[in-house]
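Lettering of chains follows the sequences in order, A, B, ..., and the numbering in each one begins at 1.
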Number of protein chains: 2
Amino acid sequence: MPAVIPEDSVGLVTPRKIHFDQPLALSCGRSLERWDLMVETYGELNADASNAVLICHALSGHHHAAGYHDMDERKPGWWDSAIGPGKTIDTNRFFVVSLNNLGGCHGSTGPNSLNPDTGKPYGPDFPIMTVLDWVNSQARLADRLGITQWAAVVGGSLGGMQALQWSISYPERLRHCVVIASAAKLSAQNIAFNEVARQAISKDPEFHNGHYYEEGVVPRTGLMLARMVGHITYLSDDGMREKFGRELKDGKLSFDFNPQFEVESYLQYQGERFSSSFDANTYLLMTKALDYFDPAGEQGDNLAAALAPARCNYLVVSFTTDWRFSPERSRELVDGLIAAGKPVSYAEIDAPQGHDAFLIPIPRYMEVFGGYMNRIANSLTPAEGELNAR
Amino acid sequence: MPAVIPEDSVGLVTPRKIHFDQPLALSCGRSLERWDLMVETYGELNADASNAVLICHALSGHHHAAGYHDMDERKPGWWDSAIGPGKTIDTNRFFVVSLNNLGGCHGSTGPNSLNPDTGKPYGPDFPIMTVLDWVNSQARLADRLGITQWAAVVGGSLGGMQALQWSISYPERLRHCVVIASAAKLSAQNIAFNEVARQAISKDPEFHNGHYYEEGVVPRTGLMLARMVGHITYLSDDGMREKFGRELKDGKLSFDFNPQFEVESYLQYQGERFSSSFDANTYLLMTKALDYFDPAGEQGDNLAAALAPARCNYLVVSFTTDWRFSPERSRELVDGLIAAGKPVSYAEIDAPQGHDAFLIPIPRYMEVFGGYMNRIANSLTPAEGELNAR
């Protein structure tokens, strides 16, 4: 909890739930008749609505990307290091929109919401969402907010996939696409890790085929295991070595099965904390969206063909020790963009933190990303306040 | 099952259980009063007992390394590709000894054996074993077989750790040490993966704190998850891409949570098969032995100091895409050996199969390994049969 709100923070923010009552047709063939999105915004939309930036979240993310909900909040939003006045995504210049995706568990309609048809939680009957479905729902949100065209759509990991999909599905509706630590599709290894997580959750006796809400229980062990596996893959081998080495919790081996190395305790703690704050059905759904994303798949694996409709500029960023979304995957995307004749800047950032690096304000990363965002801001019609200040 | 036994096979083999009734003092401070080792041997011990090779097994291995137990056996022993007449470890020239380690679940005394003190299975009361304990038990086995000095001690992965420990603990008792796809200690990432496996097993409701034998159940889900995670880490990202790509089982996405990609079905199958054939307490114990191994730890992290007592020659082999026991770990070991002034040959084999490569007869690997073994064989006193044949 902050004693005082830092000066470069967006400060206290209040999320709002926006209701949509026009049906949203989904990739699976079903549709959502009525749905809510939980949204936060930072900064002010300028007069011609040209300064809006959409933040797309990753697997376990949500709408609360920056600032504090109240003075008791332990930590600010998940990307507070990058979003705020004077920061990389400068809220003095941009109007930043952040949402919880459909299927999420932080206020937007998802498996733990009441199904209006039954009066019970959707649970496993909630439709499987795809990245395209999310982008379609975000386009409705843009309509509602009066944003015809985003200055930029920005995302890391699964969020980067959404940014990429925006550029393909709504080419007229964004000028810049920022894809960080992401990929044009998952590898078999990535799908395999996701399947371990899904098996851990769905085989947990407390899962009850996804109807655990009615039973008043939570598949905690499954969620914990899923998070532990995930966490290992978000860190690099070197990063873990630096952070934990082979340090023993109590200084010596105890020859029993209790966690003895620091890394074991850390993972268990992270897993347990996550299992009491995240919804299992949402976790399943998010991993499926990751697995299914493959825009080139519909074009005979021709990524350049899939990217052909795009009209925006791209920034692609990867991190050297990220092995879950390796630089190789980003280079594939860059190659596809170049083959499609799209303008793209690419930066491979030297960083020991693995996939997690995309959330960390590494100087070289912030410099590249901030420089790109700054050029976008400089091309905007100045906001009235800024004009007056000149 | 073989229609006929291949000519380069050791043929039909019969394991034998060898009983020991002298107590074995263990690293944990306890001791095993009476214990059995399940053993197979291939080839003939020569007159001066100079041609014996010890095979040390990895996490899920056992004594059955080569040949067939009967004509109905689906597959030969786990390292049949390397052990046999005319093969890399040539049973026409070497007397090969392979055992199931203590704590195992294939006939040697382990958690599923009856505790003579209680008349019930040991279960979780079976002492935690270390690599040193295994090596001490293997030294007793050597005594029993009349082997004063091994021509070579050979092992991959956890087996390589045992070979390394032999060279430190019994320097006079081996002339060559072959350490394949191994490490002088696990990394934090490796410990973390092991901890996920342990949590999956021990949090399975059918685990009953390790007393599942009495309950007539098996923690199948935990074992399945442990094996799935393990399996992913034994393959390389590239290897998985080659083997599975993003192939769909039924040719198209079905928008449900059933396994849809080939890689998902494969992992589930492997996990389920393993869960019906391996003992959960043994799995826990084997992963702890891996985590605890760190001979340099007792020497202030000075690996060269730990290796100082050794008097044998070394062959160290690693595989380019092995990220569970990466070439970097092997190079650390080689650096330690060089710093300690020990004779060492090192080969880094270009192979796409990840950690699993050590079990695969990759031509360049077999050439290096076979060349090394051949030089050992050439230095032996010829066996009587060979003399007669000349």
*Measure the spacing between CZ of B:Arg246 and NZ of A:Lys185 and express it to the nearest 0.5 Å.*
6.5 Å

*Say you draw a straight line from CZ of A:Phe261 to CG of B:Asn190; how long is it, rounded to the nearest 0.5 Å?*
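Result: 11.5 Å between the selected atoms.
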
What residue in [options] has the most heavy-atom pairs under 4.5 Å with chain B?
options: A:Tyr266, A:Phe244, A:Phe193; value: A:Phe193
options: A:Gln199, A:Lys203, A:Arg30; value: A:Gln199
options: A:Val263, A:Leu235, A:Asp237; value: A:Asp237
options: A:Arg198, A:His231, A:Met240; value: A:Met240

Sort [X] into side chain, backbone, both or neither according to what part of it lies under 4.5 angstrom from a heavy atom of chain A.
X: B:Glu262; result: neither
X: B:Ser27; result: both
X: B:Leu248; result: neither

*Taking every heavy-atom pair that is under 4.5 Å apart, which of B:Thr130, B:Leu253, B:Leu267 has the most such pairs with chain A?*
B:Leu253

*So, for B:Ala188 and A:Gly245, which heavy atoms are closest and what is the spacing to 0.1 Å?*
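Between these two residues, the closest heavy atoms are CB-O, 3.3 Å.
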
_For a quick test of reading the model, state the closest non-hydrogen atom pair linking B:Pro259 to A:Glu195 and the distance between them._
CG-OE2, 4.0 Å

*Do any of residues 218-226 of chain A have a heavy atom less than 4.5 Å from a heavy atom of chain B, and if so, which, in residue order?*
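Those residues of residues 218-226 of chain A which have a heavy atom under 4.5 Å from chain B are A:Thr221, A:Met224, A:Leu225.
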
*Should we say atom CG of A:Asn258 is surrounded by more than 12 heavy atoms from elsewhere, each under 6.0 Å from it?*
yes

*asked:* If the contact rule is any heavy atom under 4.5 Å from chain A, which residues of residues 283-294 of chain B qualify, in numerical order?
replied: B:Leu284, B:Leu285, B:Lys288, B:Asp291, B:Tyr292, B:Phe293, B:Asp294

_Side-chain heavy atoms of A:Met228 within contact of B:Val229, under 4.5 Å_ = no

